[in-house]
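Taking it in order: structure first as structure tokens, then the write-up.
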Amino acid sequence: MDEFEATIAGELDRWQRAGKIAQFWLRDDDAVEPTAALDRLLDISAAFAVPLTLAVIPAYTGEALAGRLRREPLCAVAVHGWSHTNHAGADEKKQELGRHRLAEDVLAELQRGLDQLAARYCEQFVPLLIPPWNRIDALLVPQLAGLGYRALSVYGPEKSAALPLINTHVDVMDWHGTRGGRVPLALAGEIAARLTFMFDHGGTMGLLTHHLVHDEAVWGFLNALFKVTADHPACRWTPVADILREQQASVG
């Protein structure tokens with residue numbers, strides 16, 4: 001067993017001894033159309049029976065992607081903003097769903113995006129909003145339920161919000177450095193740290209990927225991660241719709 005596998009398996013073994021099961025979920029952003037990279041992601045996740053949540057950009061997608069995903073029963077579709085357009089100023093962090101436009105205009109786009117993807121993807125659609133760049137104005141969040149959204153997914157630890165949060169916690173990409181895949185052992189350490197937190201506090205382990213910019217380091221990491229987790233008795237890669245139902249049941 002190498003250090004990567006030992007880092008993750010060691011923590012999962014602790015869960016197994018305690019009779020617990022850790023929920024993992026996989027979110028991939030920026031889907032618009034079928035590509036070779038998307039095929040590779042779908043193939044590797046299907047090979048290990050890992051459910052995938054694909055964040056689709058409504059403004060630029062169409063029947064080509066929908067037709068491709070109909071052959072993927074483990075793939076769910078969520079709303080990735082409207083057009084992934086940055087409306088922030090040059091000295092601000094990128095944001096589509098901020099205060100740079102009238103709230104009613106932003107909400108109208110989010111309504112249109114939800115309606116379009118729900119109609120196109122039917123059973124594969126999940127009423128989950130994934131804001132581009134993981135940013136949304138807090139004043140918009142209380143309005144999302146009225147549009148039909150049932151949960152919100154950003155990046156980082158979950159905080160109190162007007163809508164249930166199903167966040168991602170580990171990002172495979174080195175956005176501020178090489179812009180390629182991060183060091184696998186560092187990712188394993190972050191996953192183990194998240195599992196340690198979950199052991200006492202609950203929650204899920206959300207992995208964030210961006211198939212269009214993956215390099216070989218990312219593909220190798222995903223293969224190694226799925227290999228060590230997919231068959232571990234203390235790990236369950238969970239469809240996001242199941243996580244949402246569990247959250248709603250616990251509140252109800």
Side-chain angles (χ1 to χ4, degrees), residues 21 23-84 107-132 136 141 143-154 163-168 204-212 222 226 229-230 235-252:
I21 296 177
Q23 282 190 328
F24 283 58
W25 77 288
L26 175 61
R27 184 188 117 194
D28 183 89
D29 288 3
D30 300 344
V32 172
E33 61 187 359
T35 62
L38 179 59
D39 283 343
R40 191 169 182 181
L41 178 65
L42 291 167
D43 287 347
I44 191 173
S45 57
F48 290 95
V50 171
L52 169 66
T53 300
L54 204 58
V56 175
I57 303 172
Y60 302 123
T61 196
E63 180 55 30
L65 181 62
R68 173 66 183 87
L69 296 184
R70 287 191 194 105
R71 308 198 305 269
E72 303 294 338
L74 292 178
C75 185
V77 168
V79 184
H80 199 29
W82 168 247
S83 63
H84 213 301
L107 293 169
E109 287 183 348
L110 292 177
Q111 181 73 78
R112 186 178 177 189
L114 183 145
D115 291 344
Q116 285 189 7
L117 295 187
R120 190 177 296 276
Y121 288 97
C122 302
E123 291 85 1
Q124 286 180 292
F125 178 73
V126 179
L128 171 70
L129 175 61
I130 300 172
I136 183 171
V141 177
Q143 310 301 317
L144 297 177
L147 304 181
Y149 289 96
R150 294 295 173 260
L152 178 69
S153 179
V154 292
L163 204 65
L165 290 174
I166 306 174
N167 285 0
T168 54
T204 62
M205 208 320 287
L207 184 70
L208 176 58
T209 64
H210 285 75
H211 66 276
L212 291 174
L222 290 177
F226 294 163
T229 58
C235 174
R236 181 169 73 243
W237 284 94
T238 309
V240 73
D242 289 356
I243 298 173
L244 179 56
R245 278 193 291 269
E246 290 172 9
Q247 285 191 350
Q248 292 174 330
S250 66
V251 172

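Position 1 is the first residue of the sequence, and the numbers go up from there.
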Subject >> Test side chain to side chain contact (heavy atoms under 4.5 Å, CB included) applied to Glu123 - qualifying residues, sequence neighbours left out >> reply: none

Subject >> Side chain to side chain, Tyr121 and Thr61, heavy atoms closer than 4.5 Å >> reply: yes

Original post:
For the atom pair SG (Cys75) and CG (Asp28), what is the distance rounded to the nearest 0.5 Å?
Top reply: 9.0 Å

Original post:
Does any N or O in the side chain of Gln143 come within less than 3.5 Å of the main-chain N or O of Leu107, such that one atom is a donor and the other an acceptor?
Top reply: no

Subject >> Least distance between heavy atoms, Cys235 atom then Phe24 atom >> reply: SG-CD1, 3.5 Å

Subject >> Minimum heavy-atom distance between Glu72 and Gln124, given as atom pair plus value >> reply: O-NE2, 3.2 Å

Original post:
How far apart are the C-alpha atoms of Gln23 and Asp242, what are their side-chain angles, what is the distance that settles it, and do they pass the side-chain contact (heavy atoms from CB on, under 4.5 Å) test?
Top reply: CA-CA 10 Å; Gln23 282 190 328; Asp242 289 356; 5.8 Å; no

Original post:
Which word best sums up how the rings of Trp237 and Phe226 line up, parallel for under 30°, tilted for 30 to 60°, or perpendicular for over 60°?
Top reply: perpendicular

Original post:
In Å and rounded to the nearest 0.5 Å, what is the CG to NE2 distance from Asp29 to His210?
Top reply: 4.0 Å

Original post:
Distance from Leu152 atom CG to Leu128 atom CG, nearest 0.5 Å?
Top reply: 7.5 Å

**OP:** Decide side-chain contact (heavy atoms from CB on, under 4.5 Å) for Asp30 and His84; before the verdict, give the C-alpha distance in whole Å, the side-chain angles of both, and the deciding distance to 0.1 Å.
**Re:** CA-CA 8 Å; Asp30 300 344; His84 213 301; 3.2 Å; yes

Subject >> Shortest non-hydrogen contact from Leu147 toward Gln111 >> reply: O-NE2, 3.1 Å

Subject >> Leu42 and Leu74: CA distance, side-chain angles, deciding distance, side-chain contact (heavy atoms from CB on, under 4.5 Å) verdict >> reply: CA-CA 9 Å; Leu42 291 167; Leu74 292 178; over 6 Å; no

Original post:
Atom CD1 of Ile243 and atom OG1 of Thr204: how far apart are they, to the nearest 0.5 Å?
Top reply: 5.0 Å

Side-chain atoms of residues 46-53: list all donor-acceptor pairs with protein atoms under 3.5 Å, sequence neighbours left out, distances to 0.1 Å.
none

Original post:
If you take all heavy atoms of Leu65 and Leu38, which pair is closest and at what distance?
Top reply: CD1-CD2, 3.5 Å

Subject >> Worked check of salt bridge (charged side-chain N to carboxylate O under 4.0 Å, His left out) between Glu63 and Arg120 >> reply: CA-CA 8 Å; Glu63 180 55 30; Arg120 190 177 296 276; 3.4 Å; yes

**OP:** Can you see which heavy atom on Cys122 is nearest to which on Ala119, and at what distance?
**Re:** SG-O, 3.6 Å

**OP:** Using salt bridge (charged side-chain N to carboxylate O under 4.0 Å, His left out) as the criterion, list what pairs up with Asp115, not counting sequence neighbours.
**Re:** none

**OP:** Could you tell me the separation between the CD1 atom of Ile130 and the NE2 atom of His80, rounded to the nearest 0.5 Å?
**Re:** 7.0 Å

**OP:** Can you see which heavy atom on Ala64 is nearest to which on Pro34, and at what distance?
**Re:** O-CG, 3.4 Å

Subject >> Distance, nearest 0.5 Å, that separates CH2 of Trp25 from CG of Asn167 >> reply: 8.0 Å

